[in-house]
Amino acid sequence: MKDGIGAPVKRKEDKRFTTGKGKYTDDIRNDNQAYAAFVRSPYAHARVKGIDTSAALAMEGVIDVLNGQQLTGDGIGNIICGWAITSKDGSPMNMGAWSALATEKVRYVGDAVAVVIAESQALARIAAEAVEVDYEELPVAANITAAMADGAPQIHDNAPGNQIYDWELGDEAATDAGLAEAAHVTTLNITNNRLSPNPMEPRSAVATYDDAEDHYTLYTTSQNPHVARLVLSAFYNVAPEHKLRVIAPDVGGGFGAKIYIYPEEITCLWASMKTNRSIKWTSDRSEAFLTDAHGRDHITTAKMGFDKDGKITGFKIDTLANIGAYMSLFSSSVPTYLYAPLMSGQYNIQNIHCNVRTYYTNTVPVDAYRGAGRPEATYLVERMMETAAREMGMDPAELRRRNFVQEFPHQTPVLMQYDSGDFPKILQMAQDAADIAGFEARKAEAAKRGKLRGLGYSTFIEACGLAPSKAAGSLGAGVGLWESAEVRVNPVGSIEILTGSHSHGQGHETTFAQIVADRFGLPVENVSIVHGDTDKVQFGMGTYGSRSGPVGMSAVVKAMDKVEAKVKKIAAHTLEASEDDIVIEGGEVKVSGTDKSMAWHEVGLAAYVAHNLPDDMEPGLKETAFFDPVNFSFPSGAFICEVEVDPDTGQTEIVNFTSADDFGTIINPMIVEGQVHGGVTQGIGQAMLEQVVYDEDGQLLNGSYMDYAMPRAADVPSYSISHHEDSPSPNNPLGVKGCGEAGAIGAPPAVINAITDAIGTNDLAMPATPQAVWNAIQAAK
Amino acid sequence: MTNIKMTVNGKSVSGEVPDETLLSEFLRENLRLTGTHVGCDTSQCGACVVHVNGKALKACTTLAASLEGAEVTTIEGLANGGELHPMQQAFNDNHGLQCGFCTPGMIMTSVDMVNRYKAEGKELTEEAIRDELEGNICRCTGYHNIVKSVEDAAAKM
Ligand code: FES
Ligand code: FES
């Protein structure tokens with residue numbers, strides 16, 4: 001059907017964005033609006049000895065200055081990490097206390113110690129500068145190496161040696177044996193560079209307390225407003241859930257950074273009660289670099305063994321991960337359960353062991369950023385495969401083929417059961433699209449121009465559709481990861497879908513409408529999507545981990561099943577036919593094999609006027625469903641990157657980037673391709689441009705777009721994309737696998753494999769800036 | 001405080017604002033035209049681009065007081081009544097936006113780009129579009145479909 005599953009329907013939400021009518025949090029202004037500015041630590045580690053607010057309070061237009069003692073004194077709880085990881089010796093992780101406003105110590109540059117509330121944003125900021133904080137500087141550990149060192153400064157008292165946990169997955173003895181019997185062992189020492197997610201809309205919050213109702217309303221830039229309300233209520237004691245409404249209106253990108261509940265939202269809510277004013281805070285970009293959770297930041301040593309035929313005999317990984325100064329909401333799960341279970345890649349590996357140790361450092365917290373753990377795993381696995389192929393003198397595509405998982409379901413030694421896929425096929429699709437056969441000629445032609453041309457692969461798998469609640473719970477998750485939906489058929493037959501998924505660029509207003517249009521044969525215009533408001537939507541776990549398709553849409557399908565059953569009952573009753581003979585088609589409800597039918601809207605009306613319903617039937621036509629997946633979904637892909645390097649300058653150009661993806665069923669190919677474009681661009685950003693740099697004193701050196709290199713239009717090519725749709729996920733009704741993270745997961749190793757192929761050395765770290773590439777060329781000479 | 005008067009989207013507007021008021025603040029706070037976005041504080045991202053006297057300008061780095069008498073067009077003033085500007089339509093047709101936050105600035109920059117190339121009779125190649133977008137950052141789309149949108153609109157403008 002025209003607007004159904006698989007159609008490139010243009011986005012219904014675009015008009016408000018292209019005409020400037022989007023409603024983002026900072027666009028909201030209440031009648032009694034006041035503004036917050038935070039007093040932030042200029043030191044990475046210091047004791048707070050005193051806060052003198054007198055000068056700020058004396059300024060005209062300043063309403064109040066509030067501090068952490070007052071906040072904790074009012075019973076506001078500490079910020080928590082919601083995923084409990086157990087160390088291999090059985091001990092629980094060492095979670096240090098994190099107060100929204102620091103009380104005794106500050107632990108990173110940007111840690112908030114007080115908040116100024118004033119009549120304008122400008123005034124609040126000026127007054128924040130006038131707050132005098134007496135700090136006693138402490139020694140700093142600004143990176144993993146410093147945090148692990150003997151005599152390192154102790155960042156949290158309950159985390160000796162700054163270690164949070166020492167965790168493992170897999171069978172170490174079997175893996176050692178596998179490596180011992182290998183004909184060839186490849187060893188890699190690699191870092192995964194620290195990144196700042198940088199959604200273009202900075203974080204923002206508008207919090208309003210209603211003293212007559214003792215009720216709070218929070219507008220905020222969140223990917224998961226219900227989770228925000230749950231945590232604000234259950235852990236931070238801001239207000240009970242029925243007294244707190246959280247709305248995430250239009251949100252300008254998330255990429256993980258807007259999953260978490262940050263100190264600023266908590267503080268604004270509390271301050272609105274303290275001052276009885278609506279409080280607004282909007283981050284500027286500098287503040288975003290200082291305070292938005294960062295991503296990645298691993299140091300890893302790994303070994304992979306191969307037999308004489310190139311079959312993998314064992315894979316052993318030792319990773320150090322930086323958590324930052326505090327444990328953010330999902331921080332503990334990223335380098336563990338979102339990382340180690342991906343180490344089998346697309347390959348049949350019998351023996352894997354992964355050891356992960358995480359550390360506090362005096363830097364902003366590190367948590368999930370697009371891909372979350374899976375890019376770090378994929379970068380390791382795919383650089384390993386390419387490097388090993390080079391060391392063994394094999395074609396890297398052939399080495400991969402020899403090790404591909406061919407049969408499904410496939411149980412890996414690291415928890416995952418792959419359910420579907422066709423890895424040889426997607427590799428072949430990518431190779432055909434990238435014209436591998438013509439590469440040598442292109443390389444020779446480039447050489448004539450003095451350029452080094454290189455080719456790199458990445459064949460990767462993801463675990464998406466987060467997540468089966470029972471499995472997540474058994475691994476330490478503090479929440480379930482199902483999704484909910486309500487399908488409301490109105491008396492006139494139009495439909496509203498209330499979903500717990502949140503769209504901040506993904507296009508749900510279009511794709512969710514498509515699955516409904518497809519099912520009932522209605523135009524997409526007759527379907528609208530309601531999301532992002534805890535007062536409207538029953539509940540929801542939000543959008544991250546490529547879960548809106550596999551989990552969020554599945555809940556909609558389940559609710560539609562119930563609607564369909566009721567529609568058939570009503571039609572059968574009205575048309576005096578058997579329920580089994582009723583079919584819904586093209587907006588009509590028919591008795592098959594006859595000319596008897598009702599229009600879709602007539603059934604809606606019949607349900608609500610209730611003059612002639614079956615005796616035992618309740619009036620109305622709306623149904624709710626919760627969907628909990630039985631497994632993760634496993635999107636996979638093959639990326640091929642082709643680059644040209646100028647050996648005199650190290651300047652690298654991506655000349656071709658080809659992706660062949662298996663996302664299962666595709667609802668809207670236009671939107672899916674857009675997700676791949678964006679994800680790959682972020683992956684190229686990680687590979688070639690981006691890296692957060694702290695100096696050894698914990699000062700952030702590149703906290704603006706002058707210094708932090710975001711991918712711009714001229715840094716990336718146009719992309720060639722194809723899809724394999726013949727291996728739908730067997731674990732959800734639509735067969736979708738999720739597409740939001742593939743690009744960011746698969747691209748970095750493809751890019752680095754291509755550059756290292758061009759320059760003839762494997763020794764190159766991300767980001768491969770011209771200087772880094774030039775240095776690598778010189779070092780290899 | 002300064003008294004300023006200018007024309008915004010065809011209407012004459014005025015206001016008394018602190019001298020240091022940026023055009024982006026004047027538009028967003030005084031006129032409540034919130035389609036002009038602010039994505040950075042170093043004049044790097046282009047989310048704030050508007051047209052002043054027919055040329056693209058970053059509203060976040062322009063003092064409102066310096067624009068006495070100017071003609072300003074924001075994203076809200078680009079469509080001709082109910083009819084979208086070809087650039088707005090092209091962004092929709094080619095999926096040139098995801099979260100929409102960079103979009104107003106992208107569209108205003110792109111309209112100016114196409115106008116300049118047409119006026120100078122220069123060919124707007126993919127490479128030229130990518131270079132011209134140097135001052136606009138998008139974190140969502142990877143630029144692929146933005147480039148297609150601009151190419152599409154250029155053919156129709
Ligand atoms: S807000 Fe003007 S350039 Fe970023
Ligand atoms: S569409 Fe989100 S930043 Fe461009």
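Only this structure's heavy atoms are used, side chains among them; waters, hydrogens and symmetry mates stay out. Each chain gets a letter, A, B and so on, in the order its sequence line appears, and its residues count up from 1.
- Remark: side-chain polar atoms of His144(B) are paired, donor with acceptor, to backbone N or O of Tyr719(A) under 3.5 angstrom.
- Within a 6.0 Å radius of NZ in Lys5(B), no more than 12 heavy atoms belonging to other residues, nucleotides or ligands are found.
- Note: Thr681(A) OG1 to Tyr143(B) OH = 8.0 Å, rounded to the nearest 0.5 Å.
- Atoms CG and NE2, from Asn668(A) and His95(B) in turn, are 7.5 Å apart once rounded to the nearest 0.5 Å.
- Looking only at heavy-atom pairs under 4.5 Å with chain A, the residue among Gln89(B), Glu76(B), Glu20(B) that has the most is Glu76(B).
- In this structure, the portions of Ile671(A) lying under 4.5 Å from any heavy atom of chain B include both its backbone and its side chain.
- To the nearest 0.5 Å, atom CD of residue Glu13(A) and atom SG of residue Cys99(B) are 11.5 Å apart.
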Exercise for review: Go through the steps for Gln121(A) and Glu29(B) under the test side chain to side chain contact (heavy atoms under 4.5 Å, CB included), then give the verdict.
Suggested key: CA-CA 11 Å; Gln121(A) 190 180 53; Glu29(B) 298 299 329; over 6 Å; no

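- The side-chain heavy atoms of Thr42(B) and Arg285(A), taken from C-beta on, include no pair separated by under 4.5 Å.
- Considering CZ of Phe289(A) and SG of Cys40(B), their distance stands at 9.5 Å, rounded to 0.5 Å.
- Looking only at distances, no side-chain donor or acceptor of Tyr705(A) sits under 3.5 Å from a matching main-chain atom of Ile137(B).
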Exercise for review: Decide side chain to side chain contact (heavy atoms under 4.5 Å, CB included) for Arg712(A) and Gln44(B); before the verdict, give the C-alpha distance in whole Å, the side-chain angles of both, and the deciding distance to 0.1 Å.
Suggested key: CA-CA 11 Å; Arg712(A) 292 172 192 255; Gln44(B) 293 274 312; 3.0 Å; yes

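- Interface remark: of the candidates Pro104(B), Gly35(B), Gly142(B), Pro18(B), Gly142(B) forms the most heavy-atom pairs closer than 4.5 Å to chain A.
- Between Asp715(A) and Arg130(B) there is no salt bridge, since no side-chain nitrogen of the basic residue lies less than 4.0 Å from a carboxylate oxygen of the acidic one.
- Separation of atoms OG1 (Thr103(B)) and CE (Met200(A)) is listed at 10.5 Å; rounding is to 0.5 Å.
- Dense packing is recorded around CD of Glu126(B), with more than 12 heavy atoms of other residues, nucleotides or ligands lying under 6.0 Å away.
- Applying the 6.0 Å contact sphere to CG of Asn80(B) captures no more than 12 heavy atoms from other residues, nucleotides or ligands.
- Interface summary for chain B: among Ser718(A), Gly252(A), Ala714(A), the most heavy-atom pairs under 4.5 angstrom belong to Ser718(A).
- Annotation: maximal heavy-atom pairing with chain A below 4.5 Å, among Gly135(B), Gly100(B), Cys138(B), Cys102(B), occurs at Gly100(B).
- Of the listed residues (His504(A), Gln506(A), Met670(A)), the greatest number of heavy-atom pairs within a distance under 4.5 Å of chain B belongs to Met670(A).
- Looking at Leu84(B), the atoms closer than 4.5 Å to chain A (heavy atoms on both sides) all sit in the side chain, from C-beta outward.
- With a 4.5 angstrom heavy-atom cutoff, Ile28(A) touches chain B only via backbone atoms.
- Listed options Thr282(A), Asp26(A), Ile684(A) were ranked by heavy-atom pairs under 4.5 angstrom with chain B; first place goes to Asp26(A).
- Classification of Asp27(A) and Arg28(B) as a salt-bridged pair holds, one side-chain N sitting under 4.0 Å from a carboxylate O.
- Atom CD of Glu16(B) is surrounded by more than 12 heavy atoms from other residues, nucleotides or ligands within 6.0 Å.
- Crowding of Glu525(A) atom CD: a count of heavy atoms from other residues, nucleotides or ligands under 6.0 Å exceeding 12.
- Interface remark: Val676(A) contributes no atoms to any contact with chain B (heavy atom separation under 4.5 Å).
- For Leu78(B), no part lies near chain A; criterion is any non-hydrogen pair under 4.5 Å.
- With Gln88(B) contributing its side chain and Thr18(A) its backbone, the two residues share a donor-acceptor pair below 3.5 Å.
- For the set Pro197(A), Pro8(A), Ala122(A), the count of heavy-atom pairs under 4.5 angstrom toward chain B peaks at Pro197(A).
- The heavy-atom pair separating Leu97(B) from Phe17(A) by the smallest distance is CD1-CB, 3.5 Å.
- Of the possible polar contacts, none joining the Arg139(B) side chain to the Gly678(A) backbone as a donor-acceptor pair under 3.5 Å is found.
- Atom CD of Glu83(B) has 12 or fewer neighbouring heavy atoms from other residues, nucleotides or ligands inside a 6.0 Å radius.
- If you tally non-hydrogen atom pairs under 4.5 Å between each of Lys21(A), Met710(A), Gln675(A), Lys10(A) and chain B, the highest count goes to Lys10(A).
- Listed options Val147(B), Leu133(B), Asn145(B) were ranked by heavy-atom pairs under 4.5 angstrom with chain A; first place goes to Asn145(B).
- For a residue to count as touching a neighbouring chain, one of its non-hydrogen atoms must lie under 4.5 Å from one of that chain's; by this rule Pro717(A) touches chain B with the backbone only.
- Interatomic distance, Phe101(B) CZ to Thr221(A) OG1, rounded to the nearest 0.5 Å: 10.0 Å.
- Aromatic ring centres of His37(B) and Tyr24(A): separated by under 6.0 Å.
- With a 4.5 angstrom heavy-atom cutoff, Val680(A) does not touch chain B via any of its atoms.
- Residue with the most contacts toward chain B among Gly679(A), Pro199(A), Ser286(A): Ser286(A) (heavy-atom pairs, distance under 4.5 Å).
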